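One-based numbering, in listed order, for ligands and for the atoms of each. All of these numbers come straight from a predicted model, not from anything done at the bench.
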Amino acid sequence: MDYEKFYSDNAKKMRSSEIRELLELSQQPDVISFAGGLPNPDTFPLHQINEIVSMILENEGSKALQYGPTPGLKEFRKQLADFIGKDGIDVSMDDILITSGSQQALDIVGKIFINEGDVIITGLPTYLGGINAFLAYRAKLIGIPLDDNGMRVDLLEEKINEIEKEGKKVKLIYTIPTFQNPAGVEMSEDRRKRMLEIAKEHDILILEDDPYGKLRFEGNAIKPIKAFDNNEQVIYMATFSKILSPGLRLAYVAAPTEIAKKMMIAKQSMDLCTSTFTQLIAYYYIKYGYIDKQIPKIIEMYRKKRDIMLSALEKFFPPGCKWTQPRGGMFLWVELPEYINTVEMFPEAVSSKVAYINGRAFYVNGDGYNTMRLNFTNARDDEIEEGIKRLADVIKRRIK
Ligand code: PMP
Ligand code: G9A
């Protein structure tokens, strides 16, 4: 049977994710994987979660195993408003929506805002899961290059003016300002403020995706864009995937109240509510102060892994290659000489038992052939140097 004719126009635009496809490969024991953005499993607080789960089942079992309200448990939303309040984000519980991962929040944003052809601005490169979520609603994605200080807001403004001259409008800017996925870079405070001004002048919403903000290895914290927003223009989202566990599928959105409500209605028909059980686990994890002790341990582990990877790159990679020096997060970004195509090189890397994600996957304009993303958090310390050595050998065979 030909199923194609049955699919909706939206479904025809859906793309499979390179990251998801490589997940199985990454889990093969002899492949050293720098591909998926997996947290290190040694950071999962098994003991504390075990204690919390027993306590929940004993005291609140019937609530934990029951359906819950669509926006999320009240006590949890209130707690999260306080939690992000410490980062300078001033919102009330009514502005908070709990979602099943921030991936769901990206999909909800797509669902409530995007009509076919609507223009969304993203980083060049940007998170593949964001690209795919927006493409599924038939958005037109336009990328703005990044440098070491994040998105080039000068180019952003130029591009918006250009688009407006053509009689079109930009609806949304999707940005990951802190330890960006995939590039690992951090947007400066000046640029954050300038982006807000530009969004205000041109009547555009900002979607700020912040999974990595708590994973800072050095340098002073820069407030989220949402903290500078006095015009209710920023939708902020963060996740427990990188500071507790991705398996719990737990994230939250802080949005202008009206948008939070619209997102909640969209969520009603997606999953009714996020798991009440995992919400309670995270609630007690924060309430008992475990999270405050755990985050510094994660940071310490990941800082060391980043350092091992940076030294190995320095030691083994041939001249002509460049990479970012992330001050936090989970990824660094490598640029090879222009004549090397990382998509074509990938099978050779896998034969050499090392994996990465090709950079082109993160480019909305089809560029990035000579780039790759390396995750430094999932591999064991002793594997990182060996993996980079294997990768360097693959690259050296292509160096002219
Ligand atoms: N946004 C970004 C920028 C990410 O890197 C990720 C996960 N890698 C997500 C969203 C989705 O995360 P989750 O659904 O686990 O919260
Ligand atoms: O496994 C996933 O799809 C989440 C990780 C995302 C990433 O590697 O950027």
Does Y127 reach ligand 2 with a nitrogen or oxygen that is under 3.5 Å from one of the ligand's nitrogen or oxygen atoms?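 No; the residue has no nitrogen or oxygen that sits under 3.5 Å from a nitrogen or oxygen of the ligand.
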| Counting both backbone and side chain atoms, is some N or O of G36 under 3.5 Å from an N or O of ligand 2? |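 The answer is no, given that G36 and ligand 2 share no N or O pair closer than 3.5 Å.
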Closer than 4.0 Å to some heavy atom of [X] - which atoms of ligand 1 meet that?
X    : answer
G101 : 14 (O), 16 (O)
T239 : 13 (P), 16 (O)
S241 : 13 (P), 15 (O), 16 (O)

If we set the cut-off at 4.0 Å for heavy atoms, which region of [X] has an atom near ligand 2: side chain, backbone, both, or neither?
X    : value
N181 : side chain
R20  : side chain
R373 : side chain

> Side chain, backbone, both or neither: which part of F240 has a heavy atom under 4.0 Å from ligand 1?
Replying inline: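 None of F240 does.
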If you have a sec, work out which protein heavy atom is nearest atom 5 (O) of ligand 1 and how many Å separate them, to one decimal?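 Among all protein heavy atoms, the one nearest atom 5 (O) of ligand 1 is Y212 OH, 2.5 Å.
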Of all the non-hydrogen atoms in the protein, which one sits nearest to atom 11 (C) of ligand 1, and at what distance?
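Closest protein heavy atom to atom 11 (C) of ligand 1: S102 OG, 3.4 Å.
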Establish, from distance only, whether the side-chain atoms of [X] and [Y] form a donor-acceptor pair under 3.5 Å.
X    : Y    : answer
D210 : Y236 : yes
E21  : S16  : yes
D271 : S100 : yes
Y284 : E60  : yes

Salt bridge (Lys or Arg N to Asp or Glu O under 4.0 Å) test vs E385 passes for just one of R390, K315, R380, namely K315
Answer yes or no for K74 and Y283: cation-pi contact, defined as NZ/CZ to six-membered ring centre under 6.0 Å and angle to ring axis within 45°. no
So is [X] close enough to ligand 1, meaning a heavy atom under 4.0 angstrom away?
X    : value
R249 : yes
K242 : yes
P211 : yes

Taken to the nearest 0.5 Å, the spacing of Q279 CD from R77 CZ works out to 9.5 Å
Just to verify, what does Y356 make a side chain to side chain donor-acceptor pair (under 3.5 Å) with, not counting sequence neighbours?
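Residues passing side chain to side chain donor-acceptor pair (under 3.5 Å) with Y356: none at all.
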If you compare D107, L248, D209 by their heavy atoms, the one closest to atom 1 (N) of ligand 1 turns out to be D209
Discussion item. With side-chain hydrogen bond (donor to acceptor under 3.5 Å, both in side chains) as the criterion, how do S311 and R306 come out once you've worked through the C-alpha distance, each side chain's angles and the decisive distance to 0.1 Å?
Written reply: CA-CA 9 Å; S311 316; R306 177 210 52 184; over 6 Å; no
- Task: Quick one: list whatever passes side-chain contact (heavy atoms from CB on, under 4.5 Å) with N10, sequence neighbours left out.
- Result: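 S8, Y137, R138.
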